[in-house]
Novice: 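Below is a structure I'd like to ask you about.
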Amino acid sequence: MSDTPIPAQPAAPVIILVEPQLGENIGMVARAMANFGLGELRLVNPRDGWPNEKARAAASNADHVIDGVVVFPDLASAVADLNFVFATTARQRDGFKRVAGPVEAGRTLRGHAASGLRTGILFGRERFGLYNEEVSLADEIVTFPVDPRFASLNIAQAVLLMSYEWMKSGLEDETQTNFSGPEMTPATKDQLHGLFNHLESALDTRGYFRPAAKKPKMVDNLRSVLTRPGFFAPELKVLRGVVASLDYFSPKEPRGAGYPDRKAKVDHAAHSGGADSDEDDTPPVGGRGLDND
């Protein structure tokens, strides 16, 4: 086992709610914090007191945040041990404070935390936010680029936005996600040409290319459509299965009713090296064609 110490993670910002009114809002704030790795919640003079069972119920199992809540009688004491504080507001304030957007604020908080500073974010009352004298206790203002005709955010929404920016600022790549789609190999031209030949043969059998003189142009158009998406190999396999099912089975010869004669001929040609071979068709097993493979 390695004796190399694991580097300490920067201390996450403290979330401070000033005179929150509804326990449900406090609970939803706790849930938003937990979603993005924040755990320290402070309340300044909550209207309905503390603890609050409505807050716990609304926290949706973010109990570690609810259990760690500390209540303060005033804002000054709630920020006393912090080195840097943002105040959130939806409206312009008088004064000389620098104003940042949420992306910049998240990076600023991350930088201060990496330097060992304790940081916090202030959120005001549900009805009207923070008083000017409360904003004055903060170092900077953070505001959101909302529609000015409807600028008011629910307090939990505001906390969620800032918590997200904090989390994102710590990622190596800001577009990083917790999981991704499947890794697939782009189809080769040979595989794509196999789809062309398969589909054109099926359409020919069904009399699609009419009148015959227009067939070359119709084939060109069809290939142009199918080359545009940039298929992956597994996607072509799905399409080949669809074409095979439509081509070899019909209401008169439904799937499961036996092995269609035309399918048998194609398979025979494929495995005898005939000119009409269909490279993706699987030989019959138990009297049936596995055309979805």
Side-chain angles (χ1 to χ4, degrees), residues 6-20 25-26 28-46 50 59 62 64-91 93 95-125 129-146 153-174 176:
I6 299 174
Q9 294 296 314
V14 176
I15 299 298
I16 304 161
L17 306 184
V18 179
E19 295 187 353
N25 282 339
I26 298 172
M28 287 187 286
V29 163
R31 179 179 183 178
M33 292 171 59
N35 285 149
F36 296 102
L38 302 185
E40 190 172 349
L41 176 60
R42 299 179 182 182
L43 307 179
V44 176
N45 192 25
W50 194 262
H64 62 290
V65 179
I66 295 296
D67 292 338
V69 165
V70 179
V71 177
F72 293 84
D74 55 68
L75 180 55
S77 58
V79 301
D81 63 326
L82 304 180
N83 304 109
F84 181 91
V85 176
F86 267 117
T88 60
T89 181
R91 63 184 186 275
R93 305 282 184 150
F96 304 97
K97 292 192 182 298
R98 182 174 176 273
V99 178
V103 174
E104 184 183 6
R107 294 171 181 170
T108 297
L109 291 167
R110 181 70 61 172
H112 286 321
S115 300
L117 302 182
R118 291 282 282 141
T119 63
I121 313 172
L122 307 181
F123 297 86
R125 303 154 187 83
L130 296 166
Y131 291 125
N132 286 336
E133 55 266 31
E134 293 165 341
V135 173
S136 71
L137 296 179
D139 297 273
E140 296 183 15
I141 288 172
V142 58
T143 192
F144 305 105
V146 294
L153 284 174
N154 173 278
I155 189 171
Q157 293 173 327
V159 172
L160 181 72
L161 287 172
M162 286 306 303
S163 300
Y164 169 70
E165 292 301 339
W166 160 259
M167 173 67 80
K168 191 175 70 173
S169 69
L171 300 176
E172 291 184 9
D173 180 353
E174 288 193 345
Q176 181 181 332

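Computed over heavy atoms, backbone and side chain alike; hydrogens, waters and symmetry mates excluded.
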Novice: Among Val79, Val44, Ile15, whose side-chain contact (heavy atoms from CB on, under 4.5 Å) with Leu122 holds?
Specialist: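 One option only clears the test, and that one is Val79.
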
Novice: How many angstroms lie between atom CG of Leu109 and atom CE of Met162, to the nearest 0.5 angstrom?
Specialist: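 That separation rounds to 5.5 Å.
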
Novice: Kindly write out the residues that satisfy ring pair (Phe, Tyr, Trp, His ring centres under 6.0 Å) with Phe86, not counting sequence neighbours, or none if the list is empty.
Specialist: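 In terms of ring pair (Phe, Tyr, Trp, His ring centres under 6.0 Å), with neighbours along the sequence ignored, Phe86 is linked to Phe84.
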
Novice: Specify the closest pair of heavy atoms between Ala11 and Trp166, including all atoms of both residues, with the distance to one decimal.
Specialist: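 It is O-CH2, 3.8 Å.
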
Novice: Pro102 and Thr143: which non-hydrogen atoms are nearest, and at how many Å?
Specialist: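 For Pro102 and Thr143, the tightest heavy-atom pair comes out as CD-O, 3.3 Å.
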
Novice: How many angstroms lie between atom CG of Leu82 and atom CG of Leu137, to the nearest 0.5 angstrom?
Specialist: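 Interatomic distance, Leu82 CG to Leu137 CG, rounded to 0.5 Å: 11.5 Å.
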
Novice: List for me each residue that meets side chain to side chain contact (heavy atoms under 4.5 Å, CB included) alongside Glu134, sequence neighbours excluded, and say none if there are none.
Specialist: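 Counting only residues at least two positions away or on another chain, Glu134 forms a side chain to side chain contact (heavy atoms under 4.5 Å, CB included) with Val18, Leu75, Arg125, Leu130, Tyr131.
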
Novice: Take atom CZ of Arg42 as the centre, draw a 6.0 Å sphere, and report whether it contains more than 12 heavy atoms from other residues, nucleotides or ligands.
Specialist: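 Check passes, neighbour count above 12.
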
Novice: From Leu43 CG over to Phe72 CZ, what is the distance, rounded to the nearest 0.5 angstrom?
Specialist: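 Between atom CG of Leu43 and atom CZ of Phe72 there are 9.5 Å.
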
Novice: Looking only at non-hydrogen atoms, find the nearest pair between Val29 and Ala156 and report the distance.
Specialist: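 Closest heavy-atom pair between Val29 and Ala156: CG2-CA, 3.8 Å.
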
Novice: So, applying side-chain contact (heavy atoms from CB on, under 4.5 Å) with Leu41, which one of Ile26, Ile16, Val14 is it?
Specialist: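 Only match with Leu41 under side-chain contact (heavy atoms from CB on, under 4.5 Å): Ile26.
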
Novice: Minimum heavy-atom separation for Ala59 to Ile66, with atom names?
Specialist: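 The answer is CB-CG1, 3.7 Å.
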
Novice: Side-chain contact, heavy-atom cut-off 4.5 Å: Phe36 with Leu160?
Specialist: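 Result yes, sub-4.5 Å side-chain heavy-atom pair found.
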
Novice: For a 4.5 angstrom cut-off between non-hydrogen side-chain atoms, does Val71 reach Pro46?
Specialist: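 Yes, their side chains come closer than 4.5 Å.
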
Novice: Can you tell me how far apart CG (Leu161) and CG (Leu153) are? Round to the nearest 0.5 Å.
Specialist: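 Leu161 CG to Leu153 CG: 6.5 Å, rounded to 0.5 Å.
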
Novice: If you measure from CG on Asn83 to NE2 on His112, what distance do you get to the nearest 0.5 Å?
Specialist: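 Spacing of CG (Asn83) from NE2 (His112) equals 9.0 Å.
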
Novice: Check whether Thr119 reaches the backbone of Val85 with its side chain - one donor and one acceptor, N or O, closer than 3.5 Å.
Specialist: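 Answer holds: no.
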
Novice: Identify, with sequence neighbours excluded, every residue that meets side chain to side chain contact (heavy atoms under 4.5 Å, CB included) alongside Ile141.
Specialist: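 Partners of Ile141 by the side chain to side chain contact (heavy atoms under 4.5 Å, CB included) criterion, ordered by chain and then number, come out as Thr89, Arg93, Lys97, Val99, Val135.
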
Novice: Nearest 0.5 Å please: distance from the CE atom of Met33 over to the OG atom of Ser163.
Specialist: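 Answer for the CE-OG pair, Met33 versus Ser163, is 6.5 Å.
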
Novice: For residues Ala12 and Leu38, report the shortest heavy-atom separation together with the two atoms involved.
Specialist: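 For Ala12 versus Leu38, the nearest heavy atoms are CB-CD2, 3.5 Å.
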
